[in-house]
Number of protein chains: 2
Amino acid sequence: MDIHWDDYRAVLAVVRRRTLSAAAQELGVNYTTVARRIARAEAATGEVLFERLTDGYRPTEAAHLVAAYAARMESAEHAMLRGLSGRDARLEGQLTLTAPQLLIAHVLAPALGDFAQRHPAVSLQVRAANEILDLNRREADIAIRISRNPGDTLKGLRLTQQHSACFATPEWATRMQQDPNAPVDWLLYEKQPNLPDGVDNIYPNSRIHMRFDDMVAMAGAAQSGLGVVRMPVFLGRSLRGLVQVPVLSPQPYADIWIVAHSDVWPSARLVAFRDIMVPFFKQKRPLFTA
Amino acid sequence: MDIHWDDYRAVLAVVRRRTLSAAAQELGVNYTTVARRIARAEAATGEVLFERLTDGYRPTEAAHLVAAYAARMESAEHAMLRGLSGRDARLEGQLTLTAPQLLIAHVLAPALGDFAQRHPAVSLQVRAANEILDLNRREADIAIRISRNPGDTLKGLRLTQQHSACFATPEWATRMQQDPNAPVDWLLYEKQPNLPDGVDNIYPNSRIHMRFDDMVAMAGAAQSGLGVVRMPVFLGRSLRGLVQVPVLSPQPYADIWIVAHSDVWPSARLVAFRDIMVPFFKQKRPLFTA
DNA sequence: ATCCATACATGCAAATTCGCACACCAGTGA
DNA sequence: TCACTGGTGTGCGAATTTGCATGTATGGAT
């Protein structure tokens, strides 16, 4: 058996990324190295794994087979790393947190500072991602998420419930209070593409003014007076220049969870992190609810 | 991620074999290389994986964890290799067969010669093993086995049924025929440690003379006149100087199967091999049954 | 038509990895 | 006691692997 397991990994990377260069970037090596590993893998398996095209490597059926099993090997590796991480009793090294940008900026920051101060040997890496990172693949060790349930293979604690409400500049608020028939411009978030329930009844002249794929941008727009936004109350209350608009009562919003893969959940670093976050959110609860 | 997958493989090998040297042999590299890979794995995982003792490496708990997942990676690799092998349509390269020593020697040989002649580009490797090789791990591609069922994850065809009977030198046969009360010495095979059913009634002066763990040795003993042996009829009929002893009627014996892992089953080489073996055994069937 | 970005192939020098030789240690049997 | 076996650690030169620089091809934008 004269094949390196890392050669399988190269096949997997090229099947995924379709070019040597992209695969090389993924693997953190030079692309010529990837080319050579592919060549070795082909020699060892006795199969042609890729068609060399001018715009990339096109995987053959055999390469897909190899890649499928290499992916299994990779997920075994991830499971191993999670297992090692989970039984790690040291309060040192790295800890990667992912959380929504705005939650970090407006709520979490002091708690993170507290954690860093209490555990100076742990270097905290914060990934303020809009997308959901894959905790299986250890893109982060732990996540704070706004969602209805913690996730599938993940373990989680509910940090707090939340309400949402509608916010805008004081001018909008006054206008809406004085004349429900005045036109109301709404700013909508991509992921919640409809007007809040009941708005049409109370403000019949509502219109959808803009749609955003980004909360920060949308909040900025609201602050500039472009319209009314439904958002979690913690956010509306934290943003300078916004007030809650009347009439529409706050509604339940997705809860805030702290989640991690069950394998890494017991690690000392995560225990320490939760020990700070849970009381922190308990104390901050009024900020999140109406 | 700066760890080589082959380092995991080194950890697995050392956990299995307990010494660097043995692991190195398993991996086909120098033992110093294994030592260095272990060191790298420890650096990468941040865990102490082995206690360096004077008589070997003693795995820590962390090493067992790593090894467990590395074993998963290994079995994924084996599955991959089986998959590649199974879709291989070429009638060239290597084909490893395992079968019981005596079956090869006394029955199979001409069929193997036939195969080699018809498919000269396939180099047939024969492993006449007494133990059962692991087809999952590709210790052989295909096996001919004497057993009651083909096996668990394996696919198989029944080549023939079999009978067993009792054989000895003609002297024994004559003596037993003339005087059922004469003492009869039996040679027993380790795996069938009791006298054949009914023997005590017919030959009340039977005694267990010797036990063997090896069929070849036992057959040789029978040929030298040391006693009576129950064996498959094909074997008794093939061995010079033995005759079937009277009175005891032939009994059903475990069937002969040709088995392979279902992944490799469809490969051209295995198809070709079965295409020779199946008719061969059909034609030879009288040899196996009473 | 030309330029540019992006892809792969290849030759060569640098860096890394590997195997060998030797040193050392512990246990075992003569 | 002493040789011997079977284990590990280390230094050094050889072999392998890697990265860089350069060359070539192709498709799209100007």
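- Side-chain atoms of B/Tyr31 come within donor-acceptor range of the base of D/dG9, with a qualifying N/O pair under 3.5 Å.
- Within the nucleic acid shown, B/Arg40 comes within 4.0 Å of sugar-phosphate atoms alone, with no base atom in reach, counting heavy atoms only.
- Atom CG of B/Asp7 and atom P of C/dT16 are 15 Å apart (whole Å).
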The test is salt bridge (Lys or Arg N to Asp or Glu O under 4.0 Å); show your working for B/Glu139 and B/Arg127 and say whether it passes.
CA-CA 9 Å; B/Glu139 290 172 355; B/Arg127 302 190 61 173; 5.8 Å; no
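- In terms of position along DNA chain D, the nucleotide closest to A/Gly28 lies nearer the 5' end than the nucleotide closest to the other residue of the pair A/Thr54 and A/Gly28.
- The residue A/Thr32 sits close to a base: some heavy atom pair falls under 4.0 Å.
- For the pair A/Leu53 CG and C/dT6 P, the interatomic distance rounds to 19 Å; values are reported in whole Å.
- Between the side chain of B/Arg52 and the base of D/dG7 there is no donor-acceptor pair of N/O atoms closer than 3.5 Å.
- Between the side chain of B/Arg36 and the base of D/dG9, no donor-acceptor pair under 3.5 Å is found.
- Here the P atom of nucleotide C/dC22 and the CG atom of B/Asn30 are 15 Å apart, to the nearest Å.
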B/Tyr69 vs B/Tyr8, test: ring-ring contact (aromatic ring centres under 6.0 Å, His included). Steps then yes/no.
CA-CA 9 Å; B/Tyr69 286 100; B/Tyr8 299 137; 10.0 Å; no
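- Closest approach of B/Met73 to A/Trp5, counting heavy atoms only: CB-CZ3, 3.7 Å.
- A/Phe50 has its CZ atom 12 Å from the P atom of C/dA9, to the nearest Å.
- In the set C/dA7, C/dA26, D/dT8, D/dT8 carries the atom at the smallest distance from any side-chain atom of B/Tyr57.
- Distance B/Leu20 CG to C/dC25 P: 18 Å, rounded to the nearest Å.
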Going through the checks in order, is the side chain to side chain donor-acceptor pair (under 3.5 Å) test met by B/Thr32 and B/Arg36? CA-CA 6 Å; B/Thr32 54; B/Arg36 285 185 281 239; 3.3 Å; yes
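- Taking side-chain N and O atoms only, A/Arg37 has a distance below 4.0 Å to OP1 or OP2 of D/dT18.
- Rounded to an integer number of Å, the gap from A/Arg17 CZ to C/dT6 P is 14 Å.
- A sub-4.0 Å separation between OP1 or OP2 of C/dC8 and a side-chain N or O of A/Ser21 is present.
- Nearest nucleotide to the side chain of B/Thr33, out of C/dG19, C/dC8, D/dG19: C/dG19.
- Counting to the nearest Å, the C1' atom of C/dT28 and the CG atom of B/Asp55 are 14 Å from each other.
- Using the six-membered ring where Trp is involved, A/Tyr57 and A/Phe50 have ring planes that are tilted, between 30° and 60° apart.
- In this structure, A/Ile38 atom CD1 and D/dT18 atom P are separated by 12 Å, rounded to whole Å.
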